[in-house]
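Throughout, protein chains are lettered first and strands after them, A, B, ... in sequence-line order, and every chain is numbered starting at 1.
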2 protein chains.
Amino acid sequence: MATTKYSRQREAIKEYLSHSKEHPTADTIYMDIRETYPNISLGTVYRNLNLLVDKGEVMKIIGMDGSDRYDGNTQHHYHFLCNKCQRVLDIDMDSIDRINDIANKNFPGKVEGHVTYFYGKCNECE
Amino acid sequence: MATTKYSRQREAIKEYLSHSKEHPTADTIYMDIRETYPNISLGTVYRNLNLLVDKGEVMKIIGMDGSDRYDGNTQHHYHFLCNKCQRVLDIDMDSIDRINDIANKNFPGKVEGHVTYFYGKCNECE
DNA sequence: GCTTATAATAATAATGATTATTATTTTAAC
DNA sequence: GTTAAAATAATAATCATTATTATTATAAGC
């Protein structure tokens with residue numbers, strides 16, 4: 001795959017993710033985009049999601065239940081996983097990068113970053 | 001399943017995990033325990049791992065590649081995921097629970113805890 | 001120690017998410 | 001417009017995990 005050609009399906013996926021706040025799974029994206037493109041294939045959704053993740057235009061989040069979810073916002077931000085409704089929500093707080101330094105002091109290899117998920121109950125489930 | 005009966009297979013899994021520092025996958029555990037119990041079944045390994053996780057005797061770690069790994073040490077400690085060899089290693093550092101408070105101040109629901117993975121290159125891969 | 005009820009097992013089938021294959025269709029350069 | 005390369009839809013294949021079921025092991029009561 002030398003050059004990347006335009007595809008309306010990929011555009012639809014980008015468009016969809018840029019407006020979604022739901023951190024959807026590949027299957028959810030597939031189901032929803034089928035409303036506009038009735039014969040888009042699930043394989044196409046997966047392939048384009050991986051492509052967009054590789055290009056850094058989309059972020060993949062692995063939930064604590066192991067499910068892959070996608071986020072159109074690639075700016076660094078924290079995620080909250082609700083133990084009850086299993087939704088993934090955003091937390092708007094400053095990055096705590098200094099914990100990388102703490103980790104580096106206590107580890108022989110090279111710590112380049114960290115991934116933190118918060119969990120608990122969202123306000124709707126409380 | 002009212003009461004839990006003894007099984008030598010489950011004991012072997014506990015024993016194995018209590019000595020392992022490798023954070024093995026279910027399949028690795030299966031392969032290794034087959035040396036001593038040649039006809040243990042992979043289903044038995046999975047069932048007992050889930051049982052031990054439910055009882056809190058074993059910890060399940062979901063790696064960034066989505067693979068499930070198991071840890072016999074249930075004391076809180078941080079994990080490091082090597083981007084190159086995909087191994088999961090321990091980092092010996094104090095818990096940074098105060099970030100839960102920071103998150104709680106910035107989130108409408110109830111933050112009960114967090115999971116943090118560090119990543120980068122381990123000293124063998126550097 | 002023997003009987004009996006129940007849990008655990010081994011073997012295997014089933015499931016679910018993701019990736020690979022392939023013939024056909026789109027895209028975009030010439 | 002032609003043409004080569006990339007993307008697609010449909011489908012098959014893969015991989016990890018869970019479910020099913022007939023058989024075996026455990027442990028309690030006699």
Rounding to an integer number of Å, can you tell me how far [X] [atom1] sits from [N] [atom2]?
X       : N      : atom1 : atom2 : value
B/Asn48 : D/dT17 : CG    : P     : 15 Å
B/Leu42 : C/dA14 : CG    : P     : 17 Å
B/Ile13 : C/dA8  : CD1   : C1'   : 12 Å
A/Asp68 : C/dT19 : CG    : C1'   : 12 Å
A/Leu52 : D/dA7  : CG    : P     : 11 Å
A/Asn50 : D/dA6  : CG    : P     : 18 Å
A/Tyr37 : C/dT26 : OH    : C1'   : 13 Å
A/Arg10 : D/dA7  : CZ    : C1'   : 8 Å

Hey, what's the ring geometry for B/His114 with B/Tyr78, parallel, tilted or perpendicular (30° and 60° as the breaks)?
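Answer is parallel, since the angle falls under 30°.
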Does [X] make a side-chain N or O approach to OP1 or OP2 of [N] shorter than 4.0 Å?
X       : N      : value
A/Arg47 : C/dT19 : no
B/Ser41 : C/dA11 : no
B/Gln9  : C/dA10 : yes

The side chain of A/Thr44 is closest to which nucleotide in this list: C/dT18, D/dA9, C/dT26?
D/dA9
Choosing from D/dT18, D/dA25, D/dT17, which nucleotide comes nearest the side chain of B/Arg8?
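Of all the options, the side chain of B/Arg8 is nearest to D/dA25.
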For DNA chain C, the residues among residues 15-25 of chain B that have a non-hydrogen atom under 4.0 Å from it
none
Could you check whether A/Tyr6 gets within reach of a base, just the sugar-phosphate, or nothing at all, counting any heavy atom under 4.0 Å?
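Result for A/Tyr6 = sugar-phosphate.
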Taking A/Leu89 as the starting point, is it possible to reach A/Val58 by hopping between hydrophobic residues whose side chains are less than 4.5 Å apart?
no
Under 4.5 Å between side-chain heavy atoms, hopping through other hydrophobics if needed: is there a path connecting B/Val115 to B/Met59?
no
Does one side chain, of A/Asp27 or A/Thr25, offer a donor that lies under 3.5 Å from an acceptor on the other?
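No.
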Taking every non-hydrogen atom, the tightest pair across B/Cys85 and B/Cys82
N-SG, 3.5 Å
salt_bridge(A/Arg69, A/Glu22) N-O dist < 4.0 Å
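Salt bridge between A/Arg69 and A/Glu22, a charged N being under 4.0 Å from a carboxylate O: no.
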Charged N to carboxylate O under 4.0 angstrom, B/Lys21 versus B/Asp90?
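No, B/Lys21 and B/Asp90 are not salt-bridged.
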How bent is the helix from C/dG1-D/dC30 to C/dC30-D/dG1, measuring the angle between the end axes built from five pairs each, rounded to 10°?
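Angle reported: 30°, given to the nearest ten degrees.
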On DNA chain C, compare the nucleotides closest to B/Lys5 and B/Asn39; which residue's is nearer the 5' end?
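Mapping each residue to its closest nucleotide by heavy atoms, the 5'-most match is B/Lys5.
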Less than 6.0 Å separating the ring centroids of B/Phe107 and A/Phe80?
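Under 6.0 Å, so yes.
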For B/Asp92, I'd like to know if atom CG has over 12 heavy atoms of other residues, nucleotides or ligands within 6.0 Å.
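12 or below, so no.
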Would you say CG of B/Asp94 has more than 12 non-hydrogen atoms from neighbouring residues, nucleotides or ligands within 6.0 angstrom?
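12 or below, so no.
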Between B/Ser7 and A/Ser7, just flag the one whose closest nucleotide in DNA chain D comes earlier from the 5' side.
A/Ser7
